[in-house]
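Worth saying up front: this structure is predicted, and the values here are computed from it rather than measured. The analysis underlying the following values was restricted to heavy atoms, covering all of them including side chains, and did not include hydrogens, waters or symmetry mates.
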Amino acid sequence: MGRTTFAIIASLVLGAACLPRDASAEVRLVMVEEEGCVWCARWEAEVGDAYPKTDAGRAAPIRRVDITRPIPDDLDLVSPPRLTPTFILVEDGTEHARIEGYPGEDFFWPMVERMLTEADLWGPDQQDAGRPATVDADP
């Protein structure tokens with residue numbers, strides 16, 4: 001193989017490695033829940049309305065799964081969820097990370113941000129952008 005051919009192949013391989021993630025990949029935050037779960041209700045009250053309006057919520061929209069039903073076939077999880085709520089970050093159905101239980105609003109946001117960052121599903125400029133800027137108690 002000549003030097004020119006080698007240089008072309010090397011630049012193609014290195015260039016492909018630098019390409020961003022597939023923009024068509026489906027990223028979701030799967031919320032495993034069940035009826036009557038008090039911690040699920042608390043998450044709803046503290047985070048539920050704000051989540052889809054944040055960078056984190058836009059990067060990984062919520063997908064709800066009932067723990068009492070079979071896990072959908074399109075989800076490839078490391079292990080079955082055992083408690084509710086469980087939040088599982090998936091890309092194209094494959095698990096990247098999870099939070100078991102709801103640690104409260106103050107811990108939830110940084111944990112979701114960390115999962116997204118460690119899974120390389122958003123850039124450093126989005127870090128700390130998941131939390132809502134302001135929260136109105138009662139308008």
Side-chain angles (χ1 to χ4, degrees):
M1 179 183 321
R3 287 184 181 196
T4 303
T5 305
F6 179 77
I8 292 171
I9 292 173
S11 64
L12 289 173
V13 169
L14 290 173
C18 295
L19 289 175
R21 261 185 200 277
D22 181 3
S24 66
E26 184 179 48
V27 178
R28 297 281 183 184
L29 185 65
V30 176
M31 180 180 179
V32 181
E33 59 187 345
E34 67 181 316
E35 189 176 325
C37 168
V38 297
W39 291 102
C40 300
R42 184 169 171 193
W43 182 87
E44 281 295 336
E46 295 179 356
V47 175
D49 286 339
Y51 184 79
K53 300 170 188 168
T54 65
D55 287 345
R58 287 185 288 277
I62 287 287
R63 174 181 176 185
R64 295 171 185 274
V65 172
D66 188 323
I67 197 169
T68 64
R69 304 194 43 95
I71 296 297
D73 291 337
D74 65 328
L75 292 177
D76 181 20
L77 305 180
V78 172
S79 63
R82 302 188 192 286
L83 55 98
T84 59
T86 296
F87 301 91
I88 306 170
L89 182 65
V90 298
E91 181 182 20
D92 291 332
T94 301
E95 179 175 345
H96 279 276
R98 70 172 60 191
I99 301 169
E100 294 184 314
Y102 174 58
E105 180 179 14
D106 292 338
F107 293 98
F108 176 79
W109 293 112
M111 292 173 82
V112 168
E113 292 164 6
R114 183 175 180 180
M115 288 192 322
L116 286 163
T117 300
E118 288 181 356
D120 196 26
L121 296 175
W122 71 353
D125 58 324
Q126 290 172 304
Q127 199 163 5
D128 295 328
R131 286 166 266 197
T134 59
V135 178
D136 295 330
D138 281 323

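Hydrophobic clustering keeps Phe87 apart from Val65 (ILVMFWY residues linked when any side-chain heavy atoms are closer than 4.5 Å, directly or through intermediates). Residues Trp39 and Leu83 are members of separate hydrophobic clusters, defined by side-chain heavy-atom contacts under 4.5 angstrom among Ile, Leu, Val, Met, Phe, Trp and Tyr.
A donor-acceptor pair under 3.5 Å is formed between the side chain of Arg58 and the backbone N or O of Lys53. No donor-acceptor pair closer than 3.5 Å links the side chain of Glu34 to the backbone N or O of Ile67.
With rounding to the nearest 0.5 Å, the separation of CD1 in Ile88 from CG in Leu75 is 7.5 Å. With values rounded to the nearest 0.5 angstrom, Glu33 atom CD is found 14.0 Å from Tyr102 atom OH. Leu116 contributes atom CG, which lies 10.5 Å from atom CD of Glu91 (distance to the nearest 0.5 angstrom). Rounding to the nearest 0.5 Å places CE of Met115 at 10.5 Å from CD of Glu113. Of the inter-residue distances, the one linking Asp66 atom CG with Ile71 atom CD1 reads 9.5 Å to the nearest 0.5 angstrom.
Contact detail for Pro103 and Gly101: the closest heavy-atom pair is CD-O, 3.7 Å. Closest of all the heavy-atom pairs between Ala119 and Leu89 is CB-CD2, 4.0 Å. Between Val78 and Glu95 the shortest heavy-atom distance is N-OE1, 2.8 Å. Closest approach of Cys37 and Cys40 over heavy atoms only: SG-SG, 2.5 Å.
Using a cutoff of 4.0 Å between basic side-chain nitrogens and carboxylate oxygens, Arg28 and Asp74 are not scored as salt-bridged.
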Q.
If you apply the rule side-chain contact (heavy atoms from CB on, under 4.5 Å), what do you find for Arg98 with Leu77, and how did you get there?
A. CA-CA 10 Å; Arg98 70 172 60 191; Leu77 305 180; 4.1 Å; yes
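Checked options Val30, Val32, Ile99; the residue passing with Thr86 is Val32 (criterion: side chain to side chain contact (heavy atoms under 4.5 Å, CB included)).
In this structure, the side chains of Glu46 and Phe108 stay at 4.5 Å or more apart for every pair of heavy atoms. Within the 4.5 Å cutoff, side-chain heavy atoms of Met31 are placed close to those of Trp43. Contact annotation: the side chain of Ile62 approaches that of Tyr51 to within less than 4.5 Å [non-hydrogen atoms, C-beta and beyond].
Scanning for side chain to side chain contact (heavy atoms under 4.5 Å, CB included) contacts around Glu118 gives Arg114, with sequence neighbours left out.
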